[in-house]
Q: 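Quick one: structure below, then a few questions.
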2 protein chains.
Amino acid sequence: MKNSFSDIYSLLQELAWHFGDHGINGECCEDLSLVEFMALKAAYENDNFTIQDIGSSINFTKSGATRIIDRLETKGYVKRERSLSDGRVCCVPVTDKGAQVISQIIKKNTNYVEELLQDLEPQAIDNIKIAMEILIKAMKRQDIIKSKSL
Amino acid sequence: MKNSFSDIYSLLQELAWHFGDHGINGECCEDLSLVEFMALKAAYENDNFTIQDIGSSINFTKSGATRIIDRLETKGYVKRERSLSDGRVCCVPVTDKGAQVISQIIKKNTNYVEELLQDLEPQAIDNIKIAMEILIKAMKRQDIIKSKSL
DNA sequence: TTACATTAGTTGACACCGTCAACCAATACT
DNA sequence: AGTATTGGTTGACGGTGTCAACTAATGTAA
């Protein structure tokens, strides 16, 4: 049983490496690094996300977040808009071009996953999905526990 | 069904992020970055691995590999040894200290996974393991196909 | 044996990237 | 009004991987 955990860890490690910075997602798409993609996705999925929100959602300092938004802005994927209710905060709406690039990346990677798994039984595919959902749920719960204990 | 693939992709993305450079493994252990850990692990698991072997196993150029080995060497985790049969190649044996740090990291992360999953039924844990093995097997097969088609 | 080609590894210059600390401007507190 | 706080930006910096040029060892062929 103990051994199962270490197997799972090493499998996770391998998966993470493959889908991380240095694997298929290193190039990600056109002109986005993985970090930039994650930031863009965060902005895309959360209306009125501020720069610091984006930073903390990807574990960066606020100056790091500023720099990433700089890059995304010069690439035309987001805009900076001062909040009307509070002149300090910057909201970062995603432009049409940004939304387009996001969905393009997601589509491409979804296709990749489909290629990977196409030969499996529907049942097996579902099992994979369920297994990963359980894992991620456990991960998130753990995060909450850790953040409380600080 | 199509939708399952996109779900799985996004779950994979999340997992990879969590276990990647910026998540729990960003700090990895003591004084190793994730990249360094992967290189050290590659050297550890393969006897007589050369510097370029290590580089290609983590998708780096040979000069990148040299730099990583530099760091691992100054930290005392590997040694450089010219091959006796070919004076050009460097083998990179892992020192005792290196082996120790590797097993320490693996242990720590195994514990983390155990913490995550301890409340699950043994059956569920096994399912997770099986699901991930299938995924990785598919991944590797795909890699081979891709490398052949180049 | 000499001359040329190839291969493993190293190094200097460089560009990219995220952090830190100092800073500015807007808002909140009293 | 005056001070403290907060969101965001910027300059300086250190860390890191690449590229191209290099050295040294090996292979090849006359």
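Order of the sequence lines fixes the chain letters, A, B, ..., with proteins taken first and strands second; residue numbering starts at 1 for each chain. What you see is a predicted model; the values in this text were computed from it and never measured.
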Q: Any ion pair linking E73(A) and K79(A) (charged N to carboxylate O, less than 4.0 Å)?
A: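 No salt bridge links K79(A) with E73(A).
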
Q: Without swapping roles, check the side chain of T50(A) against the backbone of C91(A) for a donor-acceptor pair under 3.5 Å.
A: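 Checked: no pair found.
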
Q: Rounded to the nearest Å, what distance is computed from the CD atom of residue Q52(A) to the C1' atom of nucleotide dT9(D)?
A: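 For the pair Q52(A) CD and dT9(D) C1', the rounded distance is 11 Å.
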
Q: Distance check needed: dG17(D) C1' versus E36(B) CD, whole Å only.
A: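 Going from E36(B) (CD) to dG17(D) (C1'), I get 12 Å.
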
Q: Go through the side-chain N and O atoms of Y77(B) and D31(B) and say whether any donor and acceptor fall under 3.5 Å apart.
A: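 There is such a pair between these side chains.
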
Q: With the threshold set at under 4.0 Å for non-hydrogen atoms, list the residues of residues 60-76 of chain B touching DNA chain D in residue-number order.
A: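 Residues of residues 60-76 of chain B that come under 4.0 Å of DNA chain D are, in numerical order, F60(B), T61(B), S63(B), G64(B), R67(B), I68(B), R71(B).
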
Q: Return yes if some donor-acceptor pair links the side-chain N/O of S83(A) with the main-chain N/O of V89(A) below 3.5 Å, else return no.
A: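 Checked: no pair found.
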
Q: Between R82(B) and G87(B), is there a donor-acceptor pair closer than 3.5 Å when you use the side chain of the first and the backbone of the second?
A: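 Looks like yes, one N/O pair under 3.5 Å.
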
Q: Does F5(A) offer a backbone N or O that forms a donor-acceptor pair with the side chain of T110(B) under 3.5 Å?
A: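 Here the side-chain-to-backbone pair does not exist.
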
Q: For the backbone of A42(A) and the side chain of N46(A), can you confirm whether one donor and one acceptor N or O come within less than 3.5 Å of each other?
A: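 Flag set: sc N46(A) to bb A42(A) pair under 3.5 Å.
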
Q: Do side-chain atoms of K129(B) reach the backbone of A124(B) as a donor and acceptor pair under 3.5 angstrom?
A: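 No, because the side chain of K129(B) does not come within donor-acceptor range (under 3.5 Å) of the backbone of A124(B).
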
Q: List, with names and distances, any nitrogen or oxygen atoms from the protein found under 3.5 Å away from nitrogen or oxygen atoms belonging to nucleotides 23-26 of chain D.
A:
| unit_1 | atom_1 | unit_2 | atom_2 | d |
| --- | --- | --- | --- | --- |
| dA25(D) | O3' | G87(B) | N | 3.4 |
| dT26(D) | OP1 | G87(B) | N | 2.8 |

Q: In plain terms, say whether R141(A) and E115(B) are close enough for a salt bridge, that is, a side-chain N and a carboxylate O under 4.0 Å apart.
A: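 Here R141(A) does not pair with E115(B) in a salt bridge, since their nearest N and O are not under 4.0 Å apart.
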
Q: Are there more than 12 heavy atoms of other residues, nucleotides or ligands under 6.0 Å from atom OH of Y44(B)?
A: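 No, the 6.0 Å shell around OH holds no more than 12 heavy atoms from other groups.
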
Q: On DNA chain C, reading 5' to 3', which nucleotide is the first and which the last to sit with an atom under 4.0 Å from a heavy atom of chain A, could you check?
A: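 From 5' to 3', the first and last contacting nucleotides are dC17(C) to dT27(C).
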
Q: Rounded to the nearest Å, what distance is computed from the CZ atom of residue R80(A) to the C1' atom of nucleotide dG8(D)?
A: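 Going from R80(A) (CZ) to dG8(D) (C1'), I get 8 Å.
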
